[in-house]
Amino acid sequence: MPEVETVVRTLRPRLAGRTILAATGGPKLTVEPAVGQTIRDVTRHGKYIALHFDTGLLLVHLRMTGKLLYDGARTPYTRAEFVLDQGTLLYDDIRRFGRITWSTEYPAQGPDPLEVSFAGFAALFQRRRVRLKTLLLDQRFLRGLGNIYVDEALFRARLHPLSVAGSLSRAKLERLYTAMREVLTEAIAQGGSSVSDYVDGNGERGRFQRFHRVYRRTGEPCVSCGTPVERIVVGQRGTHFCPRCQRA
DNA sequence: ATTACTACCTGACAGC
DNA sequence: TGCTGTCAGGTAGTAA
């Protein structure tokens, strides 16, 4: 989500007011409804980038390797292209997981993690028996948290990823709420995390990967206690945590 | 409601 | 060099 927010922030001033003169897409990359229309705004909804037009929204989901680049260079992985009245918007995606869809409404998802109140946040956990990490990654529950930020938030809150979500005390929920907001806010301020090839709308890499405390630090000493960071798999996702600081 | 697993794609990297 | 296996900012679909 910090990466998507950064892309939106870099693209909004360049795209707002621009008219799409022509566009090419492909399978799972629907671009036609936007041709001839003017971009009124660019916003983020969870991990979706929304280009606003008079008749609807073009929703872009970058998934793992998608990139939206203003006036970027074409590559063998350029999958879609928008010719604007000023400049060009390229959509690159090595793995082809990303999607571009046309819609008149936002996808049904949970509240934004930076907008939800503590009461609203705490209510989401009631009677849930799923594992904590699995719940946090579920976009129907909260929209925006991804693998990096769940691991980083759980570390800061000193919570084990396999905890049962519905069994957390109020004190632990408060720690998680605060940690989640801090991690996301700091990551956005640093332009997101460039673990491999993420770049913003201007082709700039993020800086937050320098501040990761557990994500992809398997075997390295915990920044808090020195115990080696462990990696396990939770819900098919690599999961990094300190076994001493984060007890079940 | 929840878990578990598969698919979708391509590339980087480690080990043999 | 080349092969094999593992890993990767995510989500959808299916079956149990």
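Just so you know, these numbers use all the heavy atoms, side chains as well, and skip hydrogens, waters and symmetry mates. Convention: sequence-line order gives letters A, B, ...; per-chain numbering from 1.
Near DNA chain B, defined here as any heavy-atom distance below 4.0 Å, the residues from residues 128-154 of chain A are A:Arg128, A:Arg129, A:Val130, A:Arg131, listed numerically. Less than 4.0 Å separates DNA chain B from no heavy atom of any residue of residues 200-224 of chain A. Listed by residue number, the members of residues 93-111 of chain A with any heavy atom below 4.0 angstrom from DNA chain B are A:Ile94, A:Arg95, A:Arg96, A:Phe97.
Put simply, the side chain of A:Ile49 reaches to within 4.5 Å of the side chain of A:Val7, judged on heavy atoms. Looking at heavy atoms from C-beta onward, A:Tyr48 lies in side-chain contact with A:Pro107 at the 4.5 angstrom threshold. A 4.5 Å side-chain heavy-atom check between A:Tyr77 and A:Thr65 finds every atom pair outside the cut-off.
Counting only N and O atoms by type, the side chains of A:Gln109 and A:Arg143 include no donor and acceptor under 3.5 Å apart. In the model, A:Tyr91 has no side-chain atom that pairs as donor or acceptor with a side-chain atom of A:Thr24 under 3.5 Å. Using modelled atom types, one finds a donor on one side chain and an acceptor on the other under 3.5 Å when comparing A:Gln37 with A:Thr55.
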Show each protein N/O and nucleotides 14-16 of chain C N/O combination with a separation under 3.5 Å, one pair to a line.
none

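Salt-bridge formation is detected for the pair A:Glu186/A:Arg156: a Lys NZ or Arg NE/NH1/NH2 atom is positioned less than 4.0 Å from an Asp or Glu carboxylate oxygen. At a threshold of 4.0 Å, the pair A:Lys47-A:Glu3 does not count as salt-bridged, since none of the basic side-chain nitrogens sits closer than that to a carboxylate oxygen. The pair A:Arg18-A:Asp85 meets the salt-bridge criterion, since a charged nitrogen lies less than 4.0 angstrom from a carboxylate oxygen. With respect to the salt-bridge test (charged N to carboxylate O, under 4.0 angstrom), the residues A:Asp151 and A:Lys133 qualify. Salt bridge annotation for A:Arg9-A:Glu5: present, with a cationic side-chain nitrogen under 4.0 angstrom from a carboxylate oxygen.
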Before you tell me yes or no, could you show the steps for A:Leu15 and A:Leu51 under side-chain contact (heavy atoms from CB on, under 4.5 Å), namely the whole-Å CA-CA distance, both residues' side-chain angles and the distance that decides it to 0.1 Å? CA-CA 9 Å; A:Leu15 297 184; A:Leu51 303 187; 4.2 Å; yes

Give the C-alpha distance, both sets of side-chain angles, the deciding distance and a yes or no for salt bridge (charged side-chain N to carboxylate O under 4.0 Å, His left out) between A:Asp41 and A:Arg12. CA-CA 7 Å; A:Asp41 198 4; A:Arg12 183 183 294 124; 3.4 Å; yes

Going through the distances and angles, do A:Thr78 and A:Asp92 end up as a side chain to side chain donor-acceptor pair (under 3.5 Å)? CA-CA 4 Å; A:Thr78 301; A:Asp92 259 58; 2.9 Å; yes

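The phosphate of C:dG10 (OP1 or OP2) has a side-chain N or O of A:Lys47 nearer than 4.0 angstrom. Checking the phosphate oxygens (OP1, OP2) of C:dG10, no side-chain nitrogen or oxygen of A:His61 falls inside 4.0 Å.
By the rule that a glycosidic angle within 90° of 0 means syn, C:dG9 counts as syn.
Taking atom P on both C:dC3 and B:dC9, the two are 24 Å apart, rounded to the nearest angstrom. For the C1' atoms, the distance linking B:dA4 with C:dG9 amounts to 23 Å, nearest Å.
Separation of atoms CG (A:Asp200) and CG (A:Leu11) is listed at 8.0 Å; rounding is to 0.5 Å. Taking CD of A:Gln246 as the reference point, atom CG of A:Leu154 lies at 6.5 Å (rounded to 0.5 Å).
For A:Asp197, taking side-chain heavy atoms from C-beta onward, the closest of the listed nucleotides C:dT11, C:dC7, C:dG9 is C:dG9.
Nucleotides of DNA chain B with any atom under 4.0 Å from a heavy atom of chain A span, from 5' to 3', B:dT2 to B:dG11.
Of the two residues contacting DNA chain B, namely A:Tyr77 and A:Arg63, the nearest-nucleotide position lying further toward the 5' end is that of A:Arg63.
Using bins of under 30°, 30° to 60° and over 60° for the plane-to-plane angle, the ring pair A:His45/A:Tyr106 lands in the parallel bin.
Helical stems in DNA chain C, defined as runs of 3 or more consecutive Watson-Crick or G-U wobble pairs with both donor-acceptor distances under 3.5 Å, are listed by first residue as B:2-8 with C:10-16, B:10-16 with C:2-8.
Per the geometry, CD1 belonging to A:Ile232 stands 13 Å off P belonging to C:dC7, to the nearest Å.
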